Amino acid sequence: MRIDVVTIFPGYFDALELSLMGKARDRGLIDLHVHDLRDSAHDKHRTVDDTPTGGGAGMVMKPEPWGAALDGILVGAGAGSDAASEAGEQPLAEPAAEPLIIFPSPAGEVFTQAMARELAHEQHLVFGCGRYEGIDQRVFEEYAERGRVRLVSIGDYVLNGGEVASIAMVEAIGRLLPGVVGNPDSLVEESHEAGLLEYPSYTKPAEWRGRRVPDVLLSGNHAAIDAWRHEQSVERTRRVRPDLLGD
Ligand SMILES: Nc1nc2cc(Br)ccc2s1
């Protein structure tokens, strides 16, 4: 999977050089490209924001730098117009899959494990990280007309920008790609994977500060263990997230 990120704070994405995401990149499972939006701001001061038209507090991200940055990514991916297609000729190679552009936004659809699974099938994702009071609305309109755009929220709270949300989504999606996590079985019984929260986990020692591991887990009776774990998942979900059960 190719992932492009547009941001005024590229340094945030150094976090994706670590751990599993870093290994996935080293192994070519994820091809990450981070673009500084200011490199697409061609005025003398590399301006990316301006005051809100109609008044109001804060600043809004200007459309021109976003247009230059996203065009550069889309045309580079063969998803925008190019000389061959403009000349009406057949492209030499099969055009690349059309990228999906994701703008993290508190006003977006809520990101879920189901969406992570869905997006893990994409060949090319582009994350546009807004800051300030957001991005000029015409950017969303422009790219929704030319391709696929989704505004996505990672929760009902407001961050200072889309970078942290993008990192969260890249990790949630990236870990589902074949070969990224060592044992794919570990993806099956996680919270939200089957619409339930995961059961509590234990390891050695069998007793710690007078607290024993539940006897069933020491029984070797795997049918009983599976039943206990499912019961624990349902009980935890009903207690903590009854909405997931439709209650
Ligand atoms: N929860 C979220 N808050 C924000 C704030 C900004 Br500014 C941009 C994107 C997001 S996603």
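In listed order, ligands and their atoms are each counted from 1. Since the structure is predicted, the reported quantities are computational estimates derived from the model, not experimental observations.
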task = Taking all heavy atoms of S153 and all of G108, pick out the closest pair and write down the distance.
result = CB-O, 3.6 Å

inquiry  = If only side-chain N and O atoms count, and only distance matters, is there a donor-acceptor pair under 3.5 Å linking D71 with Y143?
reply    = yes

query = With hydrogens left out, which residues have an atom under 4.0 Å from ligand 1, given that only heavy atoms count?
reply = P104, S105, P106, G130, R131, Y132, Y157, V158, L159, N160, G161, G162

Using distance only, find each side-chain donor-acceptor pair of residues 194-202 under 3.5 Å and give its atom names and separation, not counting sequence neighbours.
residue: E198; atom: OE1; partner: S191; partner atom: N; Å: 3.4
residue: Y199; atom: OH; partner: E189; partner atom: OE1; Å: 2.8

inquiry  = Between R148 and E98, is there a side-chain heavy-atom distance shorter than 4.5 Å?
reply    = yes

With sequence neighbours excluded, residues passing salt bridge (Lys or Arg N to Asp or Glu O under 4.0 Å) with R209 = none

For residues 212-228, which side-chain N or O atoms pair as donor and acceptor with protein atoms under 3.5 Å away, sequence neighbours left out?
residue: R212; atom: NH2; partner: D215; partner atom: OD1; Å: 3.1
residue: S219; atom: OG; partner: V216; partner atom: O; Å: 2.6
residue: S219; atom: OG; partner: N221; partner atom: N; Å: 3.0
residue: N221; atom: OD1; partner: A223; partner atom: N; Å: 3.2
residue: N221; atom: OD1; partner: A224; partner atom: N; Å: 3.0

